[in-house]
Amino acid sequence: MVNIVYLVVSGVGRELVVATERQKPHRSGRVVSVRLDEETIGKLDALAARTGRSRGVYLKLAIGAALPGLERAHWEQVAAEFEDKTIDRQFHALMQQLTTGEHDNRDEQGAGGA
């Protein structure tokens, strides 16, 4: 199998795509493969048959609808992890100060100096 190199120009910039002779880059997008269970494929095929549309139409719609929520959930998780790590760091720093005697001694000095 011979690899053929194509230069695809997109709205963002240029992208180098390596394709085989059997499958050249297409103007509508790149191919992504996914394995699905039989039940999901059956439902997808039934919907496609009832509406006269392809599996691809519904897969594109489903992915487009799901991605914003998945991205939001990801960034919420990243933010929560960052917050947890920040709180943990601050807690450990405070505990380190308290256990090494680096805390503020004003109360002890005020009582003894009066």
Side-chain angles (χ1 to χ4, degrees):
M1 189 177 314
V2 177
N3 285 337
I4 302 171
V5 177
Y6 296 89
L7 184 63
V8 178
V9 179
S10 66
V12 179
R14 292 187 176 159
E15 177 181 19
L16 186 63
V17 176
V18 179
T20 65
E21 287 181 341
R22 290 188 314 190
Q23 187 173 10
K24 295 177 175 68
H26 194 271
R27 62 180 165 71
S28 66
R30 294 177 20 199
V31 174
V32 176
S33 178
V34 61
R35 293 184 191 278
L36 300 172
D37 61 85
E38 290 299 323
E39 181 182 353
T40 302
I41 292 171
K43 290 178 181 180
L44 184 60
D45 286 344
L47 178 62
R50 281 194 311 271
T51 62
R53 295 194 170 125
S54 69
R55 285 178 176 174
V57 167
Y58 291 108
L59 291 171
K60 287 177 191 177
L61 287 171
I63 291 168
L67 272 178
L70 293 170
E71 289 173 328
R72 186 174 43 257
H74 166 74
W75 287 116
E76 288 171 357
Q77 180 182 358
V78 168
E81 288 173 0
F82 175 78
E83 187 176 275
D84 288 346
K85 288 177 184 177
T86 301
I87 291 169
D88 282 347
R89 274 195 311 273
Q90 291 175 344
F91 174 77
H92 289 296
L94 180 61
M95 292 305 294
Q96 182 68 29
Q97 288 175 355
L98 291 172
T99 58
T100 59
E102 296 176 14
H103 62 284
D104 191 0
N105 292 326
R106 282 184 284 180
D107 290 337
E108 295 170 10
Q109 291 172 353

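Since this is a predicted model, take the numbers as computed values, not measurements.
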J.: Please round to the nearest 0.5 Å and tell me the distance separating atom CG of Asp84 and atom CD of Gln77.
T.: 10.5 Å
J.: Show me, pair by pair, the donor-acceptor contacts under 3.5 angstrom made by side chains of residues 63-75, not counting sequence neighbours?
T.:
none

J.: Out of curiosity, does Val31 fall in the hydrophobic cluster containing Leu59 (side-chain heavy atoms, cut-off under 4.5 Å, transitive links)?
T.: no
J.: Nearest 0.5 Å, what's the CG-CE distance between Asp88 and Met95?
T.: 12.5 Å
J.: Is Glu81 atom CD crowded by more than 12 heavy atoms from other residues, nucleotides or ligands, each under 6.0 Å away?
T.: yes
J.: Starting at CG of Leu44, measure out to CD of Glu39 and round the result to the nearest 0.5 Å.
T.: 12.5 Å
J.: I need the full list of side chain to side chain donor-acceptor pair (under 3.5 Å) pairs touching residues 52-67, with sequence neighbours left out, sorted by first then second residue.
T.: Asp45-Arg55, Thr51-Tyr58
J.: First locate atom CG of Leu61, then atom CG of Leu47, and finally report the distance between them rounded to the nearest 0.5 Å.
T.: 9.5 Å
